[in-house]
Amino acid sequence: MPERNVFTWNAIINTYVKDNNFVQARALFDAAPFKDWVTYNTMLSGYVNSEGFQDEAVRLFSEMQFVDEVSEYALTTMLGLVTKLSLLSYGRQLHSYMLKTGNSLNRYSLSSLIAMYSKCGCFKDAWRVFDGSDDGFVDTVSKNTMVAACFREGELEMARNVFLSRRQLNDEVSWNTMISGFAQNGYEEEAIRLFRIMMEEGFVWNEHSFSSFISACSGVKNLKLGKEIHGWILKKGMSLNPFISSSFVNLYCKCGLLNYAHSICKTTQKANPFAVTPLIVGYSETGNMLEARRLFDSLPDKNHVVWTAMISGYVKAHQCEEAFQLFRELMTQKTTVPDELIFINLLGACAIHATFNYGKQIHACILRTGTAMDAKLSNSLVDTYSKGGNVTYARRIFQLAVDRDTILYNSMIAGYALHGYENEAIQLFSQMTEQGFQPDEVTFLALLSVCRHRGLVKLGEEYFFSMTQDYKISPGFDHYASMIDLYGRANQLDKAVSLMETLPMEPDAVILGAFLNACKMNRNAELAKAAEDKLLQIEGGNGSRYAQLAGIYASEGKWNEMGRVMKMMRGREAKKTAGCSWVYIGDTVHTFISGDRSHMENDAIYITLGCLIKELSKLSATIFLEEEFCIFY
DNA sequence: CTAGGGTTAG
């Protein structure tokens with residue numbers, strides 16, 4: 001190129017920027033004999049829009065201010081950067097700079113500011129920018145940005161009002177924003193309705209419309225509608241679009257058609273984490289952890305969502321050790337930083353294992369990574385520490401929690417209940433209602449648990465009454481089972497019987513189980529026999545129920561009845577799930593089931609156990625008998 | 001030649 005000018009220099013720099021060749025772009029930028037603000041803005045936007053050059057962007061922006069007047073282009077570019085990095089205070093500084101230099105009043109600034117405030121979590125400021133601007137500056141883009149901001153905030157009616165005002169500005173993006181907004185906020189039917197109207201009003205569906213629509217179908221598991229649109233998309237030849245195909249994978253996974261989902265996933269040229277992640281979740285839910293792991297391992301680039309899906313899959317399948325192991329692998333990788341959801345899943349694993357040490361380690365990890373503590377995370381910590389046996393830590397977390405919700409109160413009340421801190425639980429419930437938190441069915445379950453273990457029949461009845469009368473919560477199976485258990489433990493079998501007679505529904509296995517237990521505690525084998533048929537009808541396949549029945553007859557000395565039930569158990573090949581105990585020593589878990597002889601230190605353990613049983617038998621003959629009965633099983 | 005909005009997964 002014999003003749004060069006500022007335009008040609010800018011063009012060649014831009015070409016290298018677009019090719020992500022920042023070494024060459026920067027060399028040309030430094031060497032350029034002519035520079036105008038386009039040169040700077042080209043370089044700046046290149047830095048902003050690529051990973052890893054954001055420090056350079058800030059440095060260049062600072063330099064630019066001394067070279068020439070900063071243009072509106074540079075300001076909107078920088079707003080995009082602070083939005084991506086969620087740097088609200090920088091965003092505010094840019095906003096005031098724009099106001100001072102008269103750069104805040106153009107279409108680009110308007111939409112960038114709305115997006116920045118919305119994505120940085122300041123919906124009110126986003127609205128102020130939009131609402132306070134002159135009508136002349138509001139264009140389609142800033143209107144659409146505002147609609148999206150409303151959905152992000154969960155303000156659905158506000159979104160609709162903005163959408164309906166100045167309707168002539170609406171375009172395809174406006175419609176797609178509405179469809180995805182409703183779909184994401186749990187109004188799938190509305191999203192599906194709008195999808196249809198969009199076409200009727202003459203707008204053309206594109207990949208955005210399809211993705212959101214398929215996502216809405218997945219949300220309500222509407223397989224029929226999903227298949228209809230699938231056929232349509234196959235005909236249109238759009239099925240290989242990565243957004244669309246991964247949405248279909250998700251749809252079929254949610255509807256339980258894993259084979260179908262898997263075959264679609266295979267049609268994609270390169271592994272798409274957006275298609276693989278739902279499959280990992282799907283296989284995990286069916287307990288096929290090997291296939292889930294195989295898919296996970298097949299992904300070359302794993303982001304934090306994939307890691308979370310795999311870890312949560314292990315936790316759901318109760319393979320907690322694998323979850324911890326995978327987390328250790330994650331931490332050795334420097335690329336992915338664990339987020340709140342990963343921690344919540346891991347804490348769930350700790351709660352399942354009832355392990356205090358792991359819980360403490362995860363907690364420390366949360367603090368080290370500077371993860372923000374919200375109600376959900378506090379809740380997981382309270383639950384983990386309670387179940388791990390340390391209610392003091394649980395309480396500390398609860399007291400330090402700034403934003404609380406009903407669920408957090410529920411966990412703390414349940415934690416107190418678990419550890420026999422009945423007064424604290426009761427007191428916390430009063431505090432909860434005084435602070436204006438609405439108790440739910442779980443709250444009352446925890447409260448009834450308190451009453452059951454303390455034998456507080458009167459208070460339990462009060463809660464049960466208050467739940468229906470004051471809070472309009474209709475009791476579920478678990479609430480009735482709790483009440484029956486409460487009466488049973490308090491030796492008021494007559495009340496349990498009359499509650500059984502007035503149940504508004506057919507009792508389930510849990511209620512019948514509680515009733516049988518009440519019969520056992522009150523040594524009433526006749527009533528138990530009456531409930532036996534019903535229970536075995538519902539849960540004939542559950543071996544532990546036969547064992548429970550046998551136990552009742554045995555405790556009454558009715559050995560014939562016991563033998564009869566045991567025979568039924570064998571005849572139906574019903575297996576009793578073995579209950580187990582475990583203890584962490586160092587990094588190793590030692591698990592025991594009843595009559596277990598497999599442990600390496602078997603002899604020492606049984607000698608100690610024998611000594612303990614001897615000591616116990618001195619204390620009480622009853623305990624000894626029941627202990628022997630357990631070993632017999 | 002440079003700047004703004006909407007899509008998929010835990």
Side-chain angles (χ1 to χ4, degrees), chain A residues 5-15 17-18 36-46 48-49 71-81 83 103 106-116 118-119 139-149 151-152 169-181 183-184 205-215 218 241-251 253-254 265 272-282 284 296 299 302-313 315-316 339-342 344-345:
Chain A
N5 60 22
V6 68
F7 286 88
T8 59
W9 277 95
N10 290 346
I12 192 69
I13 291 169
N14 185 45
T15 305
V17 161
K18 290 279 138 53
D36 62 2
W37 39 262
V38 175
T39 328
Y40 278 93
N41 294 340
T42 305
M43 206 60 222
L44 185 70
S45 85
V48 165
N49 293 321
S71 72
E72 51 187 26
Y73 280 82
L75 286 164
T76 45
T77 305
M78 286 305 284
L79 268 181
L81 179 67
T83 305
N103 276 314
N106 65 65
R107 301 167 11 234
Y108 290 93
S109 308
L110 199 55
S111 56
S112 303
L113 282 167
I114 295 167
M116 185 276 291
S118 162
K119 288 179 181 169
D139 68 347
T140 302
V141 176
S142 43
K143 210 189 102 170
N144 290 344
T145 314
M146 196 60 234
V147 173
F151 280 119
R152 214 168 277 130
L169 290 176
N170 284 346
D171 63 357
E172 274 83 6
V173 175
S174 321
W175 282 90
N176 292 338
T177 309
M178 292 294 282
I179 294 166
S180 84
Q184 285 178 343
W205 292 326
N206 63 14
E207 57 191 47
H208 293 261
S209 338
F210 291 129
S211 298
S212 301
F213 176 76
I214 301 162
S215 161
S218 316
N241 176 291
F243 284 102
I244 294 176
S245 62
S246 59
S247 301
F248 277 127
V249 172
N250 185 42
L251 170 77
C253 282
K254 290 271 153 67
C265 187
N272 178 358
F274 284 90
V276 173
T277 308
L279 268 174
I280 290 176
V281 176
S284 299
F296 176 80
L299 268 184
K302 301 179 184 68
N303 59 27
H304 68 122
V305 181
V306 183
W307 281 94
T308 313
M310 194 64 231
I311 288 174
S312 106
V315 178
K316 269 186 238 148
D339 68 351
E340 186 195 30
L341 210 51
I342 290 195
I344 287 174
N345 275 294

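Note: hydrogens, waters and symmetry copies are ignored here, and every other heavy atom, side chains too, is used. A note on names: the letters A, B, ... follow the listed sequences, proteins ahead of strands, and every chain is numbered from 1.
- Here the closest heavy-atom approach between residue A:V281 and residue A:A309 is recorded as CG2-CB, 4.0 Å.
- In plain terms, the two heavy atoms of A:A275 and A:V249 that are nearest each other are O-CG1, 3.2 Å.
- Comparing B:dG6, B:dT8, B:dT2 against the side chain of A:F274 picks out B:dT8 as the nearest.
- Remark: of the listed residues A:T76, A:I114, A:L79, A:T76 is the sole one forming a side chain to side chain contact (heavy atoms under 4.5 Å, CB included) with A:S109.
- Counting any heavy atom pair closer than 4.0 Å across all strands shown, A:W175 reaches no nucleic acid atom.
- A:T140 comes within 4.0 angstrom of a nucleotide base, judged by non-hydrogen atoms across all strands.
- Taking the side chain of A:V305 as heavy atoms from C-beta on, and the options B:dT2, B:dG10, B:dT8, the nearest nucleotide is B:dG10.
- Listed nucleotides: B:dT7, B:dT2, B:dG10. Nearest to the side chain of A:T308: B:dG10.
- What you find for A:D139 and A:S142 is that their closest heavy atoms are OD1-OG, 2.8 Å.
- Here A:R107 does not reach the OP1 or OP2 of B:dA3: none of its side-chain N or O atoms lies under 4.0 Å away.
- Atom-to-atom, CD1 of A:I244 to P of B:dA9 comes out at 14 Å; the value is rounded to the nearest Å.
- The listed nucleotides are B:dA3, B:dG4, B:dT2; the one nearest the side chain of A:E72 is B:dA3.
- Phosphate proximity of B:dG6 to A:Q184: absent, as no side-chain N or O sits under 4.0 Å from OP1 or OP2.
- A:V38 comes within 4.0 angstrom of a base, heavy atoms only.
- Protein atom CD1 of A:I214 is 11 Å distant from nucleotide atom P of B:dT8, rounded to whole Å.
- Residue-level contact check: A:T177 touches the backbone only, with heavy atoms under 4.0 Å from sugar-phosphate atoms and none from bases.
- In this structure, A:N106 CG and A:Y108 OH are separated by 8.5 Å, a value rounded to the nearest 0.5 Å.
- Rounded to whole Å, the distance from CG on A:N41 to P on B:dA3 is 9 Å.
- A donor-acceptor contact closer than 3.5 angstrom is absent between the side chains of A:N250 and A:S247.
- Closest to the A:A309 side chain, of the nucleotides B:dG4, B:dA9, B:dG10, is B:dG10.
- For A:S246, whose side chain is taken as the heavy atoms from C-beta onward, the closest listed nucleotide among B:dA3, B:dG4, B:dT8 is B:dT8.
- Side-chain contact, A:N345 with A:K316: no donor N or O sits under 3.5 Å from an acceptor N or O.
- Among the atoms of the strands shown, base atoms are found under 4.0 Å from some heavy atom of A:D171.
- B:dA9 atom C1' lies 14 Å from atom CG of A:L251, rounded to whole Å.
- No engagement by A:N345 is indicated, since no non-hydrogen atom pair under 4.0 Å with the nucleic acid exists.
- Regarding A:L44, its CG atom lies at a distance of 19 Å from the P atom of B:dC1, rounded to whole Å.
- A:K316 comes within 4.0 angstrom of no nucleic acid atom, judged by non-hydrogen atoms across all strands.
- Within 4.0 Å of A:N206, counting heavy atoms only, lies at least one base atom of the nucleic acid.
- At whole-Å resolution of the value, NZ in A:K18 and P in B:dC1 are 10 Å apart.
- At a threshold of 4.0 angstrom between heavy atoms, the contacts of A:N303 include nucleobase atoms, whether or not backbone atoms are also involved.
- Residue side chain A:Y73 meets the stacking definition with respect to B:dT2: its ring centre sits within less than 5.5 angstrom of the base's six-membered ring centre, and the planes differ by less than 30 degrees.
- Summarising the geometry, the separation between NZ on A:K119 and P on B:dG4 is reported as 11 Å, rounded to the nearest angstrom.
- In terms of heavy-atom proximity, A:I280 sits nearest to A:M310 at CG2-SD, 3.9 Å.
- When each of B:dG10, B:dG6, B:dA3 is scored by its nearest atom to the side-chain atoms of A:L341, the top-ranked nucleotide is B:dG10.
- In this model, no side-chain donor or acceptor of A:N14 finds a partner on the base of B:dC1 within 3.5 Å.
- Between A:L113 atom CG and B:dA3 atom P the separation is 17 Å, expressed in whole Å.
- In this structure, of B:dT8, B:dG10, B:dC1, it is B:dT8 that holds the atom nearest to the side chain of A:S211.
- Taking only side-chain atoms of A:Y108, from C-beta outward, the nucleotide of B:dA3, B:dC1, B:dG10 with the closest atom is B:dA3.
- Looking at heavy-atom distances under 4.0 Å, A:K302 makes no contact with the nucleic acid at all.
- You'll find that the side chain of A:N176 is closest to B:dG6, out of B:dA3, B:dG6, B:dC1.
- For A:T77 against B:dA3, a side-chain-to-base donor-acceptor contact under 3.5 Å is absent.
- For A:N250 and B:dA9, the shortest distance from a side-chain N or O to OP1 or OP2 is below 4.0 Å.
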